[in-house]
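Step one of this worksheet: look at the structure below.
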Amino acid sequence: MKKQPDFFEQIYEVVKLIPKGRVTSYGSIAKFLSSAKSSRVVGYAMNACRQVDPTIPAHRVVNRNGLLTGKMHFSSPTKMEELLSAEGVKVEGDQIKSFPDVFWDPTIELL
DNA sequence: GCGTTGACGAGGA
DNA sequence: GTCCTCGCCAACG
């Protein structure tokens, strides 16, 4: 029996493949899964990732603006930027510095 | 079964 | 360049 739809598993797998110190966007993951329009669903999966697999580095997933939109969903609102900062990702406020520099696109790296 | 919400993205003004 | 609107898919009430 499946605990979660394959859709979610796919997302989690990609997120867990994100190298340390790198980040990606919801849209890129969605696009990698052949559903660029399902970017919102990717974010929803992240929200559920905690109950599925808390080891998922959801903090490495941000929106296309490099903004930590989901930081409020973490244990603490500051947990996300702390984790990113600890991995070498410069974060100012809620936005990632040098976003294109730390950006990791599964459609390019994994392909 | 219907309507609303949501960690988004792209397009248009 | 910024701001607003629409779309898209899945889950929740």
Side-chain angles (χ1 to χ4, degrees):
Chain A
M1 49 217 188
K2 290 168 174 288
K3 300 184 300 184
Q4 299 296 336
D6 294 338
F7 203 81
F8 280 43
E9 279 190 19
Q10 292 281 51
I11 297 170
Y12 301 144
E13 189 172 348
V14 176
V15 174
K16 285 194 282 191
L17 286 172
I18 300 174
K20 184 181 175 188
R22 301 282 174 174
V23 294
T24 189
S25 59
Y26 304 95
S28 299
I29 297 173
K31 195 170 190 174
F32 181 73
L33 300 177
S34 310
S35 296
K37 316 288 183 61
S38 328
S39 51
R40 311 191 73 149
V41 184
V42 176
Y44 197 92
M46 292 288 93
N47 194 355
C49 84
R50 275 215 284 191
Q51 49 194 2
V52 178
D53 194 336
T55 63
I56 296 173
H59 60 272
R60 293 179 187 159
V61 186
V62 295
N63 64 349
R64 74 169 186 92
N65 295 311
L67 197 70
L68 284 59
T69 50
K71 68 168 200 166
M72 59 171 78
H73 291 271
F74 280 78
S75 309
S76 292
T78 56
K79 184 74 175 184
M80 192 170 184
E81 52 186 281
E82 272 188 58
L83 289 168
L84 289 172
S85 183
E87 295 184 356
V89 179
K90 306 294 192 302
V91 181
E92 178 163 303
D94 298 346
Q95 189 173 355
I96 298 176
K97 307 293 275 183
S98 307
F99 178 60
D101 186 61
V102 297
F103 183 69
W104 182 83
D105 195 338
T107 61
I108 298 174
E109 304 294 326
L110 295 181
L111 211 58

Scan the side chains in residues 71-84 of chain A for donor-acceptor partners under 3.5 Å anywhere in the protein, sequence neighbours excluded, and list what turns up.
residue	atom	partner	partner atom	Å
A/Lys71	NZ	A/Asp94	OD1	2.8

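- With rounding to the nearest 0.5 angstrom, the CG atom of A/Asn63 is 4.5 Å from the CG atom of A/Asn65.
- Among A/Met46, A/Gln10, A/Arg60, the single residue meeting the side chain to side chain contact (heavy atoms under 4.5 Å, CB included) criterion with A/Val15 is A/Met46.
- Residue pairs meeting the ring pair (Phe, Tyr, Trp, His ring centres under 6.0 Å) criterion with at least one partner in residues 81-109 of chain A, sequence neighbours excluded, are A/Phe99-A/Phe103.
- Atom OG of A/Ser28 and atom CG of A/Asp105 lie 4.0 Å apart (nearest 0.5 Å).
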Practice item. Sugar-phosphate means primed atoms, P, OP1 and OP2; the rest is base. With that split, encode nucleotides 3-10 of chain B 5' to 3' as B, S or - using protein heavy atoms under 4.0 Å. Key: ---BBBSS
